[in-house]
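Heads up: the structure comes next, in structure tokens.
Atoms considered below: every heavy atom in the structure, side chains included; atoms not considered: hydrogens, waters and symmetry mates. Order of the sequence lines sets the chain letters (A, B, ...), proteins ahead of strands, with each chain counted from 1.
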Amino acid sequence: MFQPVRGRPDLPTTEAEIAALWKSAGIYQKSLDNRRGAKRFVFFEGPPTANGMPHPGHCLTRAIKDLYPRYRTMRGEFCERKAGWDTHGLPVEVEVCKSLGIHSKAEIEEYGVEPFIHRCQESVWRYMKEWETLTERVGFWIDLSKAYVTYHQSYVESVWWALAELFNRGLLYQGHKIVWWWPQGGTALSSGEVGQGYRQVADPSVYVAFPLLDASGSPTNRSLIAWTTTPWTLPSNQFAAIKADLTYVAVRFEDDPEREYILAEPLAASLADKKKTTIEVLESFPGSDLVGACYLPPFDCFRPPGQPELTALKSGDDEPTAWRVIEADFVTTDSGTGIVHIAPAFGEVDYGVLLAERKRFENKVPPLLNCVAPDGTFTDEFPTMAGRFVKDCDRDLTRDLRSRELLVHQEQYLHDYPFCWRADNDPLIQYPRASWFIRTSQFRDAMLANNEQINWMPEHIKEGRFGNFLANNVDWALSRERYWGTPLPIWVCEETGKAEAVPAYEALLSKPGVTGTEVFEKAKADHPELSDDLRVHKPYIDAITYDSPFQDGARMYRVPEVIDCWFDSGAMPFAQWGWPHTGSDEFQSQWPADFISEAIDQTRGWFYSQLAISTLLFGPESSTEVKPPATMPPNGYPHPFRNCIVLGHMLGEDGSKMSKSKRNYKEPTEILDRYGADALRWYFFAGQPPWNSIRYSERAIRESVPEFLLRLWNVYSFFVIYANIDGFNPATHMKNPGQLDHKNLGTADGFRPASERSELDRWMLAELHATANTMVEALDAYDHYVAARALSDLVDAVSNWFVRRSRDRFWASGRADASADGNAEKCDAYWTLYEVLTTTARLAAPFVPFVSEAFWQNLAVGPFGGRVSESIHLTDYPAADAELINPDLARQMALIREVASLGRAARAQAKLKVRQPLSKVEVILAESHKNDADWLVSHADLVCNELNVKAFEICAEPERYITRTILPDLKKLGPRLGKKLPQVRSALQQADATTLITAFRDHGVATVSLDDGTDVSISEEDCIIRTTARDGWAAAEGTRGVVVISSEITPELLAEGQVREVIHAVQSQRKTLDLEFTDRIKLGFATESEELRKALQAHAESLASETLAVSIEFELLQNAELETLDIDGHALTMSLKRASQSKAS
RNA sequence: GCGCGCGUAGCUCAGUUGGUUAGAGCGCCACCCUGAUAAGGUGGAAGUCCCUGGUUCGAGUCCAGGCGCGCGCACCA
């Protein structure tokens, strides 16, 4: 007996039962133990941060991350899955600040770095529970208990090792650069972080006059017009840049006739338009004429009064170090005035100008002018606005310029500007700052070469998004002037400024004269619950100092910075094992990864950080002394991952980005509770290729259920119902159930080899095994979308053809076993369906692990107990049995299915319902299928049965019903005939098809005369012969042929049709009365119609057997249900009642 | 601005090296089945394959230029 099955699946409940089973039996662990020692399939978990709630996108990632490890495990490989959590960084700090109601660095310092860090460490686990629940709920098998955690000491020390390596190789350096700076947060951000914060804003756009100076240093009547959208940078102005080969003009505006202005010629008119005034051009000259001219800066905070001070150049001349026109290539006429205000402190390009200028000077070089403090306020060097946040001063600055008549024009300018990605009201500014960088740009080519070897899916990521990103690589801005992160392990000599990197905590403790460890010890004593991992974090680590190796008596102090948390995640391939300090075996065997997958936003994130770190540390140029694992492929590429599925972004119900505030998506738990994890997983896998953006809509998820899961469930439920009725037991006498593969099943009682079974069974098994082939091929190529579709087609074939065509066998009398009253054909049907169901469940297991497990438990573990795998996930993925695959039969069965379908179409067209028997159906096969004619005729019974007709034949006179058209096979003739093709085409159109076909038959070729007088000889293979139904017949055509239905209805046929109508009504009535389908009934009819009465009498026998009637009378029964029917216009009253108690079948 | 992706039926999406009649699911309409049954099936209607131009005997598919959407990048001073 199989456990009875719910008619309607309740997936969430089933899933909960299965999950409990897995847990109590430790199935995941067993699935690993099962494969220990086998070839490894290496998977890396990109660490999510448990600092926020999981959302639907995470369900997708986790589903994909589960699919391939499950599949590979079933394929015999050993796939460890170690979870991981990303725990450092700004997101955590910002969350904590929010909860404390503070914002700035000063406030954090005031609160205290130590308690702040404690808060951060606690906050990291805030949504841990939700994450773990979700992970299990979607069926993502991963070892959460051994998860790596980026703040753990061993992890931090691995990162330290990596940083020390880079430092020792000169690849980690401190540079003074213009960085994107978050003033309120007091730290620089990486380009990736900056990129996340761009937002469209309206900034003031000002056109400012820079009056040119005369020889004595006094302002003249003539001014340059510079344009900027950041007025706050004007006090720090240092140069004005022009383009040498651009034409500039001196002009006078009608509304301002006293002064003259200089700007690029192509932009002059548009500025006049903006000012709503007219313009008078006084003279024009090339930009080169302006180079070297001196001007009065808009603010005098740095400029002493009087004549510009001259400084010696290397060339022997001398020039002022500031407020001078210089030439620059980057000046364009796209916008502005063609004169660019240069403030080197606040722009990378501007800073480049300064560096270039500095090279020209002899001894004293131009200083960097900067009147903005790191916190974003003006310094005392700009007294009028000192202490105010620069972005808040734009209005006052503009007003000031206007009052001094230096403001030529002002407007609003709409553009994208970066804000802090974690504090989105804080604008970022470009700012000069000493910061630590990794020389990634030096490894650009190595990274590109490494990238070249990675199998990206979709392919275009390699050359496109990711390749471009690598090609434009800039040095990694690594350091963060923050608190909660991996501390930069660099200690600096207080006297000499010389630095060294420390690769491990132990190494630090063994330094001479080390002190400061007591700070953590004391904290631990005060708070025993404090995590030991915090000893390597701020502020404790900062307390540790030691004797300088560079100068006697000096001490070494750690630099204050922590690092970008993306470096943490990128170090995960080795840091998850604490390598190289520990975990050498693990790293050896788990690197590089065979498979990773994340969403596309990780191109600049985890995909990059992994590749960059791996290339720098383990690439061919590496001089790292600790060697990478011996498993490294010979040429060293690709690493650290070979195959990467880049997932599309998930969109909300409305197709736009998911957003909490827009409420355009349902919480994952709601979907999971309502439809189940398998439904969600199947939707993800089968809905679209994974790299498409995917719409997370409840409707779409709901509607994806019937097509596959429900259909499969219905077949399963059908099987269980009838197998129980018929006593089908697969375990009877089976010697070795194995994995219930075809060959194992062969040892069972009542099992006949496929070759001895009906064609339908052989077809079904052929489809099953062909599908297994397709799926393995697709999944090996990481194409689960194609695999899912193949699986779905298989289920359609089982449900809509095999079960449908096998009903008679399932309902035939006799037991489904090898006993004396056993029925061999019935047995075959059960064995076939049993094999199909168990094998399909295994094929589906990586996709829908819960439902397939439910099948396995009932179909396999139920009858066999401990003789089969206790879980479907401990079985092997089905390997196709090549001997069972049969392409000819597949084609033929497809043909017969089309014939049946066309027959129904023809009936529908002629309004002849299937209940009405017809005399004959004729088929005209397309030329392409003519060889299957004999086979089709041998299946006449099947066609007749499907279409409810008396006879089936291949049409003897096809010309009655069809016309044939000869079309050129363009694919074949195109390359051969080229430009002649259209002529051949029209010639064939005009030619008589029958003549051509005769010619093909008789001579193998036919000659076609073209309009240009030439002849072309073509063979039948060059053509496609199309068959088209003529009008006037009940016919339907498809690609494989034409089906014609005889629409003539004889009185006999009509009578039979009427009886079938009555049978239909009786069956409905049985159902209405809620009778068991084994209940016998008595029938009584009353009708005025002689015709109907005769029909019923004539077919009383079939009427009785179809409806399980023990008696049929032509008078109404006492105490029976009455129903009045209309059969073809004849009134009939039917009475029906149960004949006896139901008896078991 | 540059780069990547996408644009096919009312909706969500397939569409293999260019080839004759462009498909699926859902929805809609009509019908069938009634021993999987609050399921299942069949048929039908429905398309300017975003636009324009080009290459080609032939373009949904290749090329160029637009338009729209999404994402990414960033010296918009």
Side-chain angles (χ1 to χ4, degrees), chain A residues 5 7-8 191 194-195 198 205 226-230 233 241 328 330-332 334-336 339-343 346-350 352 413 415-418 430 458 460-461 463-469 472 600-601 603-604 648-649 651 655-657 687-689 691-695 697 699-700 702-704 706-707 710-711 713-722 725 785 789 792 799-800 803-804 807 810-811 900-901 904-905 907-909 911 913-915 967-975 977-985 1024 1026 1036 1039 1064 1067-1068 1070-1071 1076-1078:
Chain A
V5 168
R8 240 189 348 161
S191 61
V194 176
Y198 275 89
S205 151
W227 179 67
T228 181
T229 56
T230 49
T233 62
F330 57 78
V331 177
T332 64
D334 294 344
S335 56
I339 299 174
V340 175
H341 146 64
I342 302 286
F346 309 115
E348 214 175 311
V349 171
D350 304 44
Y413 188 73
H415 65 157
D416 289 335
Y417 193 86
Q430 295 206 2
H460 61 75
I461 298 284
E463 299 297 325
R465 202 167 276 228
F466 197 69
N468 284 338
F469 181 70
N472 297 326
I600 191 161
D601 51 297
T603 24
R604 327 281 148 159
H649 262 135
L651 306 174
S656 69
K657 205 170 167 169
Q688 56 280 304
W691 41 81
N692 276 19
S693 61
I694 173 169
R695 197 179 285 206
S697 98
R699 192 184 67 104
R702 181 183 351 104
E703 286 173 354
S704 75
E707 191 187 332
L710 185 58
R711 207 178 257 171
W713 185 278
N714 283 336
V715 174
Y716 164 66
S717 145
F718 176 91
F719 172 83
V720 169
I721 290 171
Y722 294 105
I725 290 173
Y785 177 64
R789 290 207 301 191
S792 193
S799 172
N800 293 330
V803 171
R804 173 186 161 85
R807 278 181 172 152
F810 286 115
W811 299 334
S901 172
R904 267 180 240 115
R907 292 188 79 116
Q909 195 185 306
K911 299 203 187 308
K913 53 175 116 176
V914 183
R915 269 200 294 271
L967 293 169
D969 186 337
L970 299 175
K971 221 165 181 170
K972 286 191 184 128
L973 288 175
L977 296 175
K979 286 190 199 280
K980 282 190 172 174
L981 198 60
Q983 286 191 68
V984 174
R985 213 170 171 175
I1024 293 165
R1026 177 158 299 156
T1039 54
H1064 168 60
Q1067 302 290 32
S1068 302
R1070 287 183 62 111
K1071 177 130 193 71
E1076 291 295 318
F1077 60 75
T1078 48

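Between the side chain of A:Arg465 and the base of B:C71, at least one donor-acceptor pair of N or O atoms lies under 3.5 Å. Scanning atom types as modelled, one donor and one acceptor separated by under 3.5 angstrom connect the side chain of A:Arg807 and the base of B:A36.
Considering only the side chain of A:Arg711, B:G41 comes nearest among B:G19, B:G41, B:G35. The side chain of A:Glu703 has B:G27 as its nearest neighbour among B:C75, B:G27, B:G35.
A:Ser901 comes within 4.0 angstrom of sugar-phosphate atoms only, judged by non-hydrogen atoms across all strands, and of no base. Within the 4.0 angstrom heavy-atom criterion, no nucleotide atom of any strand lies near A:Asp601. Contacts of A:His1064 with the nucleic acid, taken as non-hydrogen atoms under 4.0 Å apart, include base atoms. A:Pro418 comes within 4.0 angstrom of no nucleic acid atom, judged by non-hydrogen atoms across all strands. If you check every strand for non-hydrogen atoms under 4.0 Å, A:Gly352 touches nothing.
When the options A:Tyr722, A:Phe718, A:Phe719 are evaluated for a ring pair (Phe, Tyr, Trp, His ring centres under 6.0 Å) with A:Phe810, the one that passes is A:Phe718.
Phosphate contact (OP1/OP2 of B:A39, side-chain N/O of A:Asn714, threshold under 4.0 Å): absent. Distances shorter than 4.0 Å separate none of the side-chain N or O atoms of A:Arg604 from OP1 or OP2 on B:C71.
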